[in-house]
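Quick caveat, the model's predicted, so the values are computed rather than measured. All heavy atoms count here, side chains included; hydrogens, waters and symmetry mates do not.
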Amino acid sequence: MHTTYQTLCNDEKVNDEKFVETYFTIKETKVRGRKVLYNDAAIESHLKNRVGWFVMASNFIKDKTEALTIYREKDCVEKSFDDLKNQMDMKRLRVHSEEAMSRRIFIQFLTLILVVWIRQKLSEVKWSNKYSYQEIMNEIGELKKISVEGKRKNLTLQTTSLQNQIIELFGL
């Protein structure tokens, strides 16, 4: 920004007019001449919303790539536990026998495997940037397939374009 400031003070042409309009205020008078000011509010807003630091410290891991990989894997595990607690209703087991508890935990484990697989698939095709996991699950929940008894015919109700993309993506 400093070189842009000097360019504006010298009344030279700047390539990015929108940048100048956003982050600078230019006042020109006949007596005092050209005065260029920083737009402190816009700069502060930019720094507050888009700029930050991420610090990771370790006594054991020296390689930054390895440290970031381990952190991301840990984050994945934390998100999985969050899914278990919030989306799959595992806050409390609400069972009265050890056998029922074992069954419930096994079913939750299988569900978690599916959730992680779906998230991974969405991430691979960059859908996680466009759609949230919940939006995808809502669309899947709307899919209906009807089997007529006695006939070997399956009917699928009309699908949206997003549902068609989901069907294709997951090979349903």
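Taken from OG1 in T29 to NZ in K35, the straight-line distance is 9.0 Å, to the nearest 0.5 Å. Expressed to the nearest 0.5 Å, how far CD1 of I118 lies from CE of M137 amounts to 4.5 Å. Here CD1 of I105 is found 5.0 Å from CE of M101. Values are rounded to the nearest 0.5 Å. Between the CD atom of E21 and the CG atom of N39 there is a distance of 11.5 Å, given to the nearest 0.5 Å. Here the CD atom belonging to E168 is positioned 11.5 Å from the CD1 atom belonging to I166, to the nearest 0.5 angstrom. One distance of note links CD1 of I136 with CD of Q165; it measures 8.5 Å at 0.5 Å rounding.
There is no path of hydrophobic side-chain contacts, each under 4.5 Å, that joins I140 to L114. L37 and F19 are not part of a single hydrophobic cluster, where members link through side-chain heavy atoms under 4.5 Å apart. Hydrophobic clustering (ILVMFWY, side-chain heavy atoms < 4.5 Å, transitive): V14 and Y5 are in one cluster. With hydrophobic clusters built from ILVMFWY side chains whose heavy atoms lie under 4.5 angstrom apart, V115 shares a cluster with W117.
Using a distance-only test at 3.5 Å, with no hydrogens or angles considered, a donor-acceptor pair links the side chain of Q163 to the main chain of E139. Within the 3.5 Å criterion, the main-chain N or O of I107 finds a donor-acceptor partner in the side chain of T111. Within the 3.5 Å criterion, the main-chain N or O of E98 finds a donor-acceptor partner in the side chain of S102.
In this structure, E28 places its CD atom where more than 12 heavy-atom neighbours from other residues, nucleotides or ligands lie under 6.0 Å away. The neighbour count for N15 CG, taken as heavy atoms of other residues, nucleotides or ligands under 6.0 Å away, does not exceed 12.
Among all heavy-atom pairs drawn from R34 and I26, the shortest one is NH2-CD1, 3.6 Å. The two residues T22 and A42 make their nearest non-hydrogen contact at O-CB, 3.3 Å. Among all heavy-atom pairs drawn from K62 and N59, the shortest one is NZ-O, 3.5 Å.
Aromatic rings of F24 and Y38 (six-membered ring for Trp) have centroids within the 6.0 Å cut-off, being under it.
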From CA spacing to verdict: side-chain contact (heavy atoms from CB on, under 4.5 Å), L68, K64: CA-CA 6 Å; L68 188 58; K64 61 185 176 193; over 6 Å; no
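The closest side-chain heavy-atom distance from T4 to V20 is below 4.5 Å. Counting heavy atoms from C-beta on, the side chains of L169 and L122 come closer than 4.5 Å. Between K121 and V125 the shortest side-chain heavy-atom distance does not fall below 4.5 Å.
Remark: R103 engages E99 in a salt bridge, criterion side-chain N to carboxylate O under 4.0 Å.
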